[in-house]
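Worksheet: one structure, shown below.
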Amino acid sequence: MNLFSDIRGAVVQALSAMTQDGQLPEGLDMTAVSVEPPRDPAHGDMATNAAMVLAKPAKLQPRAIAEALAARLSADPRIALAEVAGPGFLNLRLSPSVWQGVIRAALTEGADFGRSTLGQGQKVNVEFVSANPTGPMHVGHTRGAVFGDALAALLDFAGYAVTREYYINDGGAQVDVLARSAYERYREANGLDPEIREGLYPGDYLIPVGEALKEKYGDTLLNQPESVWLNDVRDFATERMMAMIREDLALLNVRMDVYSSEKALYGTGKIEGAIETLRGMGMIYEGVLEPPKGKTPEDWEPREQTLFRSTAHGDDVDRPVKKSDGSWTYFAPDIAYHHDKVLRGFDMLIDVLGADHGGYVKRMKAAVAALSNGKVPLDIKLIQLVKLFKNGEPFKMSKRAGTFVTLRDVVEQAGADVTRFVMLTRKNDMALDFDFDKVLEQSKDNPVFYVQYAHARVRSVLRKAVEMGIAVGDADLASADLSGLTHPAELELARKIAEWPRLVEIAARNNEPHRVAFYLYELASDLHGLWNRGNEDTSLRFLQEDNPATSQSKIALARAAGVVISAGLGILGVTPAEEMR
RNA sequence: GGCCCCGUAGCUCAGGGGAUAGAGCGACCGCCUCCUAAGCGGUAGGUCGCAGGUUCGAAUCCUGCCGGGGUCGCCA
């Protein structure tokens with residue numbers, strides 16, 4: 001149930017009726033007609049801009065349309081009052097039974113309240129994390145992992161068929177570096193001094209890989225040329241790195257549906273196929289690039305190379321797909337990979353990347369536009385940095401010795417729930433400050449705690465109600481008499497609950513899971529506010545001594561809020577707390 | 001220099017065509033003999049970076065500047 005789309009439906013229907021009666025001209029475009037919560041609650045429960053939007057095409061005064069619309073809508077039993085205001089807004093006051101209906105819907109639909117059909121079952125692929133398999137995941141990856149996972153859950157809730165996917169960059173030069181680094185650790189495991197030369201990965205995490213290599217190969221790889229061991233060691237090490245990454249993701253409760261390998265694209269002809277497909281469209285050619293505008297690199301020299309005509313789809317320059325030694329650039333297999341995603345039938349693609357990959361956006365969009373004939377949209381979400389703090393002081397990581405703050409460090413200190421929530425309380429393209437002390441603070445100043453506490457309070461009310469012998473099953477509450485819920489503070493909470501389905505659709509349309517976090521904070525705030533009103537005015541307490549019927553209606557309201565908090569936290573991947581300890 | 005992102009209250013940030021621009025923190029003023037204080041109620045605080053433009057209406061869309069960050073052929 002989505003109250004806003006219901007009322008919008010009533011508005012559009014009334015407008016259609018006005019058209020039939022000749023009050024409005026035929027063929028008006030209604031898409032711009034919106035029904036929204038007004039900024040100022042004094043303006044009513046909902047407001048529509050219909051009269052202002054239609055005034056010009058209908059060649060009528062906005063207020064005249066609004067008056068006529070108001071007259072029609074007043075006949076709707078759900079609408080208690082419709083009044084024209086300002087430049088032509090139509091403010092609607094809904095009857096109390098509407099809010100009672102919302103509470104019943106939340107209790108009846110439970111975890112599915114707010115679920116939308118917006119996506120209409122379209123297949124969406126969300127590619128995220130995609131960290132190189134050369135070491136443990138660090139803080140930056142953590143934010144991308146949390147964002148991608150929550151976005152996927154949000155889109156699922158909004159009616160899309162979502163696939164969570166990880167692209168393993170196991171085909172480039174960096175995994176050779178990994179292999180050489182692991183080989184040195186293998187030598188170390190055999191009692192030799194490792195030579196961790198400049199450019200190799202120095203981290204301790206490769207020591208167990210070296211030992212495992214010794215276990216598998218004994219000393220047979222010692223004193224052998226690289227050509228003998230490189231492939232085996234590379235495969236072995238990347239497999240170990242991926243196992244480690246999967247464990248890291250599991251710590252954050254992130255689960256992928258599909259792992260795709262870059263390396264697996266080689267030798268299948270998929271890269272050649274994708275490139276030839278583009279060549280057939282005239283999108284691939286041999287040519288010489290202009291030097292970058294402005295500052296020309298020192299070592300720049302004109303060179304003929306194989307180029308992708310990304311400028312045809314809005315990029316600034318065409319992009320090379322082959323290196324000078326004839327091998328593919330990173331871009332080529334990535335084109336093939338995205339081609340593969342298109343061929344697998346996805347209606348929409350989303351890539352979640354670090355902000356340092358911003359320069360990559362236009363060419364990848366160009367490639368997908370070309371390969372799908374413009375039919376499959378690709379949205380690329382860039383994730384900004386996470387700056388770590390401890391007690392207000394920047395948290396320094398020592399780059400020396402290859403140690404950096406890992407995902408595991410963060411989760412072990414802050415916990416998965418806190419890490420996830422905090423990382424989702426900022427828009428993806430804003431830098432995020434993460435203070436280890438502040439995020440663990442148990443006070444209302446900490447949004448994580450604040451929302452968790454709201455849910456715990458609802459659970460607490462339910463537990464106490466049971467002790468009082470009140471039936472508090474969702475079915476019991478849904479069938480309770482809710483007509484006593486008329487106090488402004490109670491209606492405000494109901495109003496906020498009614499906004500949930502609308503919020504889900506807005507967040508999903510924009511691929512912005514942070515909106516869920518902010519909404520939950522507001523909902524928690526309304527619940528806490530109502531709770532606190534009980535200090536002054538005992539008639540507002542959820543539990544009323546010696547009045548089970550009234551208690552039941554108030555508990556229904558609290559429980560409805562709890563249902564939404566639980567569902568929202570579910571999308572964010574955060575466990576709703578039963579109690580605070 | 002080209003491209004991308006950011007610039008909103010003292011601070012951290014929401015809002016991304018609608019009405020008088022919001023929240024939290026901080027500041028200031030009140031409030032626990034008691035029934036829900038890991039607190040609560042209230043007040044002050046803004047040229048939405050600047051300047052043009054589009055629109056009935058711009059913090060929001062467009063253009064140009066200013067400031068901060070990222071990125072810039074054979075790394076991924």
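Proteins get letters first, then strands, A, B, ... in listed order; numbering begins at 1 in each.
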Any A/Lys438 side-chain N or O less than 4.0 Å from OP1/OP2 of B/C25: no
message: I want to confirm an ordering. Mapping A/Met52 and A/Leu289 to their closest nucleotides on RNA chain B, which one lands closer to the 5' end?
response: A/Met52
- request: Starting at atom CZ of A/Arg363, determine the distance to atom C1' of B/C72, rounded to an integer number of angstrom.
  value: 9 Å
message: Tell me the interatomic distance from A/Asn446, atom CG, to B/A38, atom P, rounded to whole angstroms.
response: 16 Å
task: Please work out if A/His514 contacts a base, only the sugar-phosphate, or nothing of the nucleic acid, heavy-atom cut-off 4.0 Å.
output: sugar-phosphate
query: Regarding A/Asp351 and A/His338, is there a side-chain donor-to-acceptor distance under 3.5 Å anywhere?
result: yes
field: Interatomic distance where CG belongs to A/Asn535 and P belongs to B/C34 [whole Å]
entry: 13 Å
query: Just how far, in rounded Å, is C1' of B/C56 from CG of A/Leu54?
result: 14 Å
field: Centroid distance under 5.5 Å and plane angle under 30°, A/Phe89 vs B/A19
entry: yes
- prompt: Any cation-pi pair here, A/Lys322 with A/Trp328, using under 6.0 Å and within 45°?
  reply: yes
message: Any salt bridge linking A/Lys341 with A/Glu165? Criterion: basic side-chain nitrogen under 4.0 Å from a carboxylate oxygen.
response: no
- request: Determine the contact category for A/Ala173: base if any of its heavy atoms lies under 4.0 Å from a base atom, sugar-phosphate if only primed atoms, P, OP1 or OP2 are that close, otherwise nothing.
  value: sugar-phosphate
query: To the nearest angstrom, how far is A/Tyr450 atom OH from B/A23 atom C1'?
result: 10 Å
field: Pairwise P distance, B/A59 and B/G52 [rounded to whole Å]
entry: 14 Å
- prompt: If anything within 90° of 0 is syn and all else is anti, what is B/C66?
  reply: anti
statement: Here the distance between atom P of B/G24 and atom NE2 of A/His528, to the nearest Å, is 13 Å
- request: Determine the Euclidean distance between corresponding C1' atoms of B/U43 and B/C5; express it in Å to zero decimal places.
  value: 37 Å
- prompt: When the ring planes of A/Tyr360 and A/Phe331 are compared, do they come out parallel, tilted or perpendicular, using 30° and 60° as the limits?
  reply: perpendicular
- line: salt bridge (Lys or Arg N to Asp or Glu O under 4.0 Å) pairs touching residues 423-435 of chain A, sequence neighbours excluded, are none
message: At 4.0 Å (heavy atoms only), tell me whether A/Glu301 reaches a base, stays on the sugar-phosphate, or touches nothing.
response: base
query: If you look at every strand shown and take non-hydrogen atoms under 4.0 Å, does A/Gln305 touch a base, only sugar-phosphate, or nothing?
result: base
- prompt: Going 5' to 3' along nucleotides 4-13 of chain B, which nucleotides have protein heavy atoms under 4.0 Å from the base (write B), which only from the sugar-phosphate (write S), and which from neither (write -)?
  reply: SSS-----SS
- line: 5'-most contact on RNA chain B (nearest-nucleotide basis), A/Arg457 vs A/His43, goes to A/His43
Side-chain (A/Ser460) to main-chain (A/Ala456) donor-acceptor, under 3.5 angstrom: no
message: From C-beta outward on A/Phe449, which listed nucleotide comes closest to its side chain: B/C25, B/A59, B/A38?
response: B/A38
- prompt: A/Phe4 ring centre to A/Arg502 NZ or CZ under 6.0 Å, with the angle to the axis within 45°?
  reply: yes
message: Measure NZ/A/Lys496 against P/B/G22 and give the value in whole Å, please.
response: 14 Å
task: Give the stems involving RNA chain B, where a stem is 3 or more consecutive Watson-Crick or G-U wobble pairs (i with j, i+1 with j-1, and so on) under 3.5 Å.
output: B:1-7 with B:66-72, B:10-13 with B:22-25, B:27-31 with B:39-43, B:49-53 with B:61-65
message: Does A/Tyr360 reach a base, just sugar-phosphate, or nothing at all? Heavy atoms under 4.0 Å.
response: base
